[in-house]
Amino acid sequence: MERSPMLDHFAEELRLARFTSEMSQSALAEALSYSAALVAKVETRERRPSQDFARRCDAVFGTDGRFERIQKRINEETVVPWFRDWVGIEQEATALRTFEPLCVPGLLQTEGYARALLSGGGLFAPDEIDQQVTARIDRQGVLTRDRPPLLSVVVDEHLLRRRIGGPEVMRDQLRHLVKVGSTLPRVRIQVVPTSAGAYVGLGGPFVIATAPQGEDLVYLAGQRHGQVIDRADYVRQMVEVWESIRGEALSQQQSLDLMAEVAETWT
């Protein structure tokens, strides 16, 4: 694993807090509701702590958010450099409009789907995959915080039927989409059916983020790079593209019904 100063810092603070509290790794694991093996791996920097792990450490040791703050810094180190700016924008946005024709958007991926997606092609080592999966799942905390952004997602029906990781992974992923779309009031998921034929969304995925100040930004993701664009004329064009895509999509309820139906075909 690549050397991470903040990961070192987290491990050192965890050991210090445990020793000061006179707790064994097993006792701490029980208090955190995690395994002793995981606690040991975090202390030896073999595993990167999740946001939930950090929050539980703060609760057990009464450290007033210290572990969670360090964990956020670890995320900043392990997220690929070109993605860091966007992650900050995503976390602060009041609204996110996402279109994705190829794969389930990161904010809605299950761990199994994310792992299968990152494992494809053998481009990442196992520890790199673990880091990226954990970072991706941690980002999803933005959807359940006290004041979450309004997330509007449009996906192409093809991605519901593209096999990623096998039938069980796909079934769990589509059921997750239905659950999130049905239970989180600020999440809207719609599907463009294959019957739409050619439409402007086939040009590729994008996200439009509305910043707290009210201005919109566009994020374009590439294979190994990404670009945030705030140029007014470009943003205006992409808003028009977004509205055109939404015009091709099924309603929210029709989309949920379709996702639930396709989920049961993955057997």
Q) Would you say Leu28 and Leu16 are hydrophobically clustered, going by side-chain heavy atoms of ILVMFWY under 4.5 Å? A) no

**Q.** For the student: nearest non-hydrogen atoms of Ala249 and Val154, plus distance
**A.** CB-CG1, 4.2 Å

Q) Going only through I, L, V, M, F, W and Y residues with side-chain contacts under 4.5 Å, is there a path from Val218 to Leu202? A) yes

(Q) side chain to side chain contact (heavy atoms under 4.5 Å, CB included), that's the test. Do Leu258 and Glu157 meet it? Break it down for me. (A) CA-CA 9 Å; Leu258 176 60; Glu157 182 180 348; 4.0 Å; yes

Q.
With heavy-atom distances below 4.5 Å as the criterion, would you say the side chains of Gln190 and Leu250 are in contact?
A. no

Q. Which residue pairs satisfy the salt bridge (charged side-chain N to carboxylate O under 4.0 Å, His left out) criterion with at least one member in residues 165-191, sequence neighbours excluded?
A. Arg175-Glu264

Q) Between the side chain of Tyr234 and the main-chain N/O of Ile229, is any donor-acceptor distance below 3.5 Å? A) no

Q: Determine the minimum heavy-atom distance between Pro149 and Leu96, stating which atoms define it.
A: CG-CD1, 4.2 Å

Q.
Could you go through Trp266 and Leu174, starting from their C-alpha distance and side-chain angles, then the distance that decides it, and tell me whether this counts as side chain to side chain contact (heavy atoms under 4.5 Å, CB included)?
A. CA-CA 9 Å; Trp266 287 104; Leu174 298 191; 3.9 Å; yes

**Q.** Candidates Leu150, Val207, Thr210 - the one meeting side chain to side chain contact (heavy atoms under 4.5 Å, CB included) with Arg97
**A.** Thr210

Q) Do the non-hydrogen side-chain atoms of Ile70 and Glu13 ever get within less than 4.5 Å of each other? A) yes

**Q.** Qualifying residues under side-chain hydrogen bond (donor to acceptor under 3.5 Å, both in side chains), relative to Gln91, sequence neighbours excluded
**A.** none

Q. Within the distance-only criterion (no hydrogens, no angle test), does the side chain of Gln173 pair as donor or acceptor with the backbone N or O of Thr110 below 3.5 angstrom?
A. yes

**Q.** Pairs meeting criterion salt bridge (charged side-chain N to carboxylate O under 4.0 Å, His left out) with involvement of residues 110-126, two or more places apart
**A.** Glu111-Arg115, Arg115-Asp130

Q: Could you check if a side-chain atom of Arg162 sits within less than 4.5 angstrom of a side-chain atom of Leu159, using non-hydrogen atoms only?
A: yes

Q) Looking at side-chain heavy atoms only, is the closest gap between Ser255 and Ile189 below 4.5 Å? A) no

(Q) Ignoring hydrogens, what is the shortest heavy-atom contact between Leu7 and Pro49? Give both atom names and the distance. (A) CD1-CD, 3.6 Å

(Q) Can you confirm whether Thr194 sits close enough to His158 that some side-chain heavy atom of one is under 4.5 Å from a side-chain heavy atom of the other? (A) yes

(Q) Is there a side-chain contact between Phe53 and Leu14 in this structure, where contact means two heavy atoms from C-beta onward sitting under 4.5 Å apart? (A) yes

Q: Compare all side-chain heavy atoms of Arg18 with those of Glu43 and state whether any distance is below 4.5 angstrom.
A: yes

Q. So which heavy atom on Leu107 is nearest to which on Arg139, and how close?
A. CD2-O, 3.6 Å

Q: Would you check if the side chain of Gln227 reaches a backbone N or O of Leu220 as a donor-acceptor pair within less than 3.5 Å?
A: no

Q. Do Arg56 side-chain atoms and Ala31 backbone N/O form a donor-acceptor pair below 3.5 Å?
A. no

Q: Please assess Leu108 against Leu143 for the test side chain to side chain contact (heavy atoms under 4.5 Å, CB included), listing each intermediate value before the final yes or no.
A: CA-CA 9 Å; Leu108 298 176; Leu143 301 181; 4.2 Å; yes

Q: Tell me, please, which residues at least two apart from Phe10 pass ring pair (Phe, Tyr, Trp, His ring centres under 6.0 Å).
A: Phe67

Q. Rounded to the nearest 0.5 Å, what separation is found between the CD atom of Glu90 and the CG atom of Leu217?
A. 12.5 Å

Q | Common cluster, Trp242/Leu102, ILVMFWY with side-chain heavy-atom separation under 4.5 Å | A | no

Q | Verify same cluster id: Val200, Val192 (apolar side-chain graph, 4.5 Å) | A | yes

Q.
If you count every heavy atom of other residues, nucleotides or ligands that lies below 6.0 Å from Arg147 atom CZ, does the total exceed 12?
A. no

Q. If you look at every heavy atom in Ser182 and Leu256, which pair is closest and at what distance?
A. OG-CD1, 3.7 Å

**Q.** Residue pair Ser119 / Ile129, side-chain heavy-atom distance below 4.5 Å
**A.** yes

Q: Keeping the roles fixed (side chain from Gln254, backbone from Val191), state whether a donor-acceptor pair exists under 3.5 Å.
A: no

Q. Do any N or O atoms from the side chain of Asp58 and from the backbone of Glu68 form a donor-acceptor pair under 3.5 angstrom?
A. yes

**Q.** Heavy-atom pair of closest approach, residues Ile164 and Ala116
**A.** CG2-CB, 3.9 Å

Q. Rounded to the nearest 0.5 Å, how far apart are CZ of Arg66 and CZ of Phe61?
A. 10.0 Å

Q) What salt bridge (charged side-chain N to carboxylate O under 4.0 Å, His left out) pairs are there with at least one residue in residues 233-255, not counting sequence neighbours? A) Arg231-Asp233

Atom pairs and distances, donor-acceptor, side-chain atoms in residues 34-42, under 3.5 Å, two or more places apart:
from: Tyr34; atom 1: OH; to: Asp52; atom 2: OD2; distance (Å): 2.7
from: Ser35; atom 1: OG; to: Leu38; atom 2: N; distance (Å): 3.1

Q: May I have the step-by-step check of side chain to side chain contact (heavy atoms under 4.5 Å, CB included) for Leu118 and Arg136, ending in yes or no?
A: CA-CA 11 Å; Leu118 290 165; Arg136 188 165 299 184; 3.8 Å; yes

(Q) Classify the ring geometry of Phe206 against Phe99: parallel below 30°, tilted from 30° to 60°, perpendicular beyond 60°. (A) tilted

**Q.** Exercise: do Asp257 and Gln253 side chains pair donor with acceptor under 3.5 Å
**A.** yes

Q: Mark yes when over 12 heavy atoms from residues, nucleotides or ligands other than Glu30 sit less than 6.0 Å from its CD; otherwise mark no.
A: no

